[in-house]
Amino acid sequence: MRIIYLDIDSLRPDHMGCYGYNRKTTPNIDAIAAQGARFNHCYCASSPCVPSRASFISGRFGINHGALTHWGPGYDFYYPEGENHSEPYAFFTRRLREAGYKTVTFSSFGDRHHAWWYFAGWNEVHTHTLKEGNEDADEVNAAVIPWLKRHGKEENYFLHVQYWDPHTLYTYPESYAAQWDESTAKAFPSEERIAEHQADRFPHSAVYLHTDASFPDTMPEKIANRGDFVHLLNGYDGGISYMDHHVGEIVETLRELGIEDDVCFIISADHGESMGEHGIYAEHASATESVHHLPLIMKVPGITKPGTVVDGFIYNVDVIATLTELTGLTVPSGWDGESFLRVLRDEPWQGRDYLIMDHALYTCQRAVRDPIWYFIRTYHSGLYTFEPVSLYNMENDPHQTNNVAGQYPEIVQEMDRRLEEWKHRQVSKHGYFDDPLQKVIESGPWKYVTLDGWISALRGHGDHKSADALERLYAGR
């Protein structure tokens with residue numbers, strides 16, 4: 001097969017037409033979705049960028065691959081040490097090469113996050129700009145499309161293409177943000193809720209929206225009212241639209257090559273984005289629904305039926321396991337992912353009963369998600385304002401505005417039981433490895449989420465611009 005994996009940073013499914021969004025942000029992706037399967041309940045096991053893509057490359061949960069944050073304690077990737085780095089912990093890219101696939105990535109992720117392990121197993125690594133994730137979709141396509149024109153007709157390749165446009169800052173042409181009518185803006189958050197958010201004092205809150213010294217006109221300075229929020233929303237949706245336009249360019253190139261109908265497409269994201277949920281704007285800072293819920297679209301020629309909709313719960317690591325089985329290989333025993341190839345073949349299949357997810361960069365949390373409830377245990381709130389225990393009824397509170405943990409102690413107890421049971425299962429898998437979340441908690445003081453320590457950490461990593469901006473924003477706090 002010819003496989004193209006579109007990896008879109010910070011993309012929320014509920015901002016895509018194929019998921020019911022009223023704005024026409026993704027017509028090209030919607031067309032691909034109509035030809036294949038759309039998954040309604042795909043989640044990243046660990047967020048944000050580094051943990052999620054470590055799961056992508058390794059097939060494992062964050063607790064098992066070790067890279068649960070972006071630097072410091074809890075960042076050490078547990079590289080598999082089996083014979084020839086194969087079973088039971090073979091990298092996804094190495095597995096595909098065993099199956100005879102040429103593996104190619106166009107991504108600046110490894111450069112941006114100093115993630116040396118990301119480069120393992122690829123035949124070709126294209127770090128096509130030195131912007132470290134700040135390139136726009138046109139710059140990505142300027143490298144990808146010539147590659148397709150040279151190699152697209154070859155057999156058996158896995159082409160990974162990463163787009164960053166929905167991630168702040170929104171640096172694409174402003175016309176893409178200006179195309180939206182205010183009447184189509186989503187209702188959440190309301191004017192009243194935005195007024196409540198004026199009391200928040202943390203990065204990417206309504207008052208302190210930016211941690212960068214400068215920002216483009218596609219973003220407001222702060223979120224003081226609904227008008228400011230619509231400004232931000234238009235910027236986010238504009239980034240999605242700009243990315244989708246360039247997905248259309250890829251499809252047109254495949255059409256010109258005469259292989260459009262022969263390509264297997266997988267379209268997903270590393271994580272979502274909070275857009276007012278928990279008072280957080282344009283950031284992915286927690287183990288919440290808005291951050292962990294992912295889009296997933298799969299079009300597999302000869303297998304998927306057009307218009308298929310799948311409702312079962314799956315992880316991003318399950319996608320990797322499915323692609324491995326799709327290429328004729330067995331899933332390594334050390335992986336956490338479980339293949340759902342059966343559902344693509346329209347065979348009986350049931351998703352996972354519930355999911356366990358975690359985050360350890362901006363907050364320190366683990367969450368449990370089932371069809372009704374979303375439970376979050378916060379071990380350290382960082383700079384944010386999370387209760388130690390949170391419980392949300394997702395049937396009537398999809399934006400997680402009302403913590404009902406005190407009303408349902410029996411549900412909290414059951415969610416805690418699931419969480420502890422899951423942790424015990426993981427410990428038995430990786431033996432001597434330490435839980436990276438625990439490393440972050442015990443790094444004492446937890447310097448990466450206290451304000452002064454965060455500024456020091458930014459300076460230590462050479463990001464003086466963000467450190468200066470934070471000092472200015474919080475002066476006199």
Side-chain angles (χ1 to χ4, degrees), residues 4-11 44 46-58 62 65-72 74-79 91-94 96-97 102-148 157-172 211-214 216 239 242-243 246 250 268-271 273 283-284 316 320 360-362 448 457-467:
I4 297 179
Y5 190 110
L6 300 182
D7 183 352
I8 305 163
D9 206 284
S10 307
L11 179 62
C44 63
S46 303
S47 72
C49 316
V50 167
S52 181
R53 290 201 177 88
S55 291
F56 165 81
I57 207 77
S58 71
H65 64 57
L68 200 53
T69 184
H70 283 190
W71 55 71
Y75 178 70
D76 297 327
F77 186 85
Y78 302 149
Y79 197 87
F91 276 21
F92 169 56
T93 44
R94 296 180 65 92
L96 287 183
R97 287 180 66 175
K102 182 179 184 178
T103 57
V104 182
T105 181
F106 284 84
S107 171
S108 56
F109 162 75
D111 192 20
R112 178 185 179 97
H113 289 292
H114 310 158
W116 57 269
W117 40 263
Y118 175 78
F119 298 104
W122 300 100
N123 291 99
E124 297 180 18
V125 175
H126 296 266
T127 305
H128 41 290
T129 79
L130 297 178
K131 294 186 175 182
E132 298 184 325
N134 294 310
E135 62 269 6
D136 297 329
D138 62 294
E139 297 172 281
V140 177
N141 275 18
V144 172
I145 289 179
W147 188 96
L148 278 173
Y157 57 79
F158 176 79
L159 174 61
H160 171 261
V161 180
Q162 185 179 354
Y163 291 114
W164 297 84
D165 303 85
H167 190 294
T168 58
L169 301 169
Y170 309 136
T171 56
Y172 55 83
T211 56
D212 294 273
S214 61
Y242 191 66
M243 171 275 301
H246 290 83
I250 286 182
S268 193
D270 56 341
H271 51 71
E273 192 83 322
E283 185 58 284
H284 27 274
N316 54 344
I320 302 310
L361 180 61
Y362 299 108
Y448 298 103
L458 289 170
R459 294 201 186 284
H461 285 265
D463 192 355
H464 297 289
K465 182 173 72 171
S466 294

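Residues: numbered from 1 along the sequence shown.
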*Asks:* Which label fits F77 and F91: parallel for a plane angle under 30°, tilted from 30 to 60°, or perpendicular past 60°?
*Replies:* perpendicular

*Asks:* Classify the ring geometry between F56 and H160 as parallel (under 30°), tilted (30 to 60°) or perpendicular (over 60°).
*Replies:* tilted

*Asks:* Can you list the steps and then say if H167 with E273 is a side-chain contact (heavy atoms from CB on, under 4.5 Å)?
*Replies:* CA-CA 8 Å; H167 190 294; E273 192 83 322; 5.6 Å; no

*Asks:* Within the 4.5 Å heavy-atom criterion, are V144 and H246 side-chain neighbours or not?
*Replies:* no

*Asks:* Which atom pair, heavy atoms only, marks the closest approach of H128 to A143?
*Replies:*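 Shortest heavy-atom contact: CB-CB, 3.7 Å.
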
*Asks:* Is there side-chain contact between T103 and W122, with heavy atoms separated by less than 4.5 Å?
*Replies:* yes

*Asks:* Rounded to the nearest 0.5 Å, how far apart are CD1 of I57 and OG1 of T93?
*Replies:*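 If we round to the nearest 0.5 Å, I57:CD1 and T93:OG1 are 4.0 Å apart.
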
*Asks:* Apply the test side-chain contact (heavy atoms from CB on, under 4.5 Å) to residues E124 and Y157: give CA-CA distance (whole Å), side-chain angles for both, the deciding distance (0.1 Å), then the verdict.
*Replies:* CA-CA 11 Å; E124 297 180 18; Y157 57 79; over 6 Å; no

*Asks:* Is there a side-chain contact between S10 and H284, using heavy atoms and a 4.5 Å cut-off?
*Replies:* yes

*Asks:* Write down the atom of N316, the atom of S52, and the distance for their closest heavy-atom approach.
*Replies:* ND2-OG, 3.5 Å

*Asks:* On a heavy-atom basis, which atom in Y5 and which in S268 lie closest, and how many Å separate them?
*Replies:*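 Nearest pair, atom of Y5 first, then S268: OH-CB, 3.9 Å.
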
*Asks:* Counting C-beta onward and ignoring hydrogens, is there a side-chain heavy-atom pair between E135 and S108 closer than 4.5 Å?
*Replies:*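 With C-beta onward as the side chain, the pair touches.
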
*Asks:* Roughly how far, to the nearest 0.5 Å, is CH2 of W117 from CG of D76?
*Replies:*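 Rounded to the nearest 0.5 Å, the CG-CH2 separation comes to 12.0 Å.
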
*Asks:* How many angstroms lie between CD in Q162 and CD1 in I8, if you round to the nearest 0.5 Å?
*Replies:* 10.0 Å

*Asks:* Where do S47 and C44 come nearest, in terms of heavy atoms and distance?
*Replies:* CB-SG, 4.0 Å

*Asks:* Given the rule in the side-chain contact (heavy atoms from CB on, under 4.5 Å) test, do M243 and D9 qualify, once you have shown the distances and angles that lead to the verdict?
*Replies:* CA-CA 10 Å; M243 171 275 301; D9 206 284; over 6 Å; no

*Asks:* Please check if any side-chain donor atom of Y172 sits under 3.5 Å from a side-chain acceptor atom of D138, or the reverse.
*Replies:*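 Note: Y172 and D138 side chains miss the donor-acceptor criterion.
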
*Asks:* Against H271, only a single residue in P51, S46, P48 fulfils side-chain contact (heavy atoms from CB on, under 4.5 Å); can you say which?
*Replies:*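 Among P51, S46, P48, the one meeting side-chain contact (heavy atoms from CB on, under 4.5 Å) with H271 is P48.
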
*Asks:* Within the structure provided, determine whether N134 and W164 are in side-chain contact (heavy-atom separation under 4.5 Å).
*Replies:*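 Sidechains of W164 and N134: no contact.
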
*Asks:* Any chance the side chains of Y118 and D111 put a donor and an acceptor closer than 3.5 Å?
*Replies:*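 Y118 vs D111: no donor-acceptor pair found between side chains.
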
*Asks:* Is H65 close to S55 at the side-chain level, that is, under 4.5 Å between some pair of heavy atoms?
*Replies:*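 Yes - at least one pair of side-chain heavy atoms lies under 4.5 Å apart.
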
*Asks:* Would you compute the distance between atom CG of D7 and atom OG1 of T105 and round it to the nearest 0.5 angstrom?
*Replies:*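 Separation between the atoms: 8.0 Å.
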
*Asks:* Can you check ring pair (Phe, Tyr, Trp, His ring centres under 6.0 Å) on F158 and F92, steps first, answer last?
*Replies:* CA-CA 11 Å; F158 176 79; F92 169 56; 5.3 Å; yes

*Asks:* Would you say the side chain of D165 lies within less than 4.5 Å of the side chain of D136, judging by non-hydrogen atoms?
*Replies:*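 In short, these two side chains touch, coming nearer than 4.5 Å.
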
*Asks:* Indicate the ring-plane relationship of F106 and W147, choosing parallel, tilted or perpendicular according to the 30° and 60° boundaries.
*Replies:*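 Correct class here is perpendicular.
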
*Asks:* When you compare the side chain of V50 with that of F109, does any pair of heavy atoms fall below 4.5 Å?
*Replies:* yes

*Asks:* Kindly give the heavy-atom pair with the smallest separation between C49 and H113, and that separation in Å.
*Replies:*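 Closest approach of C49 to H113, heavy atoms only: CB-NE2, 3.7 Å.
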
*Asks:* Please report the closest heavy-atom contact between L169 and S214, naming both atoms and the distance.
*Replies:* CD1-O, 3.7 Å

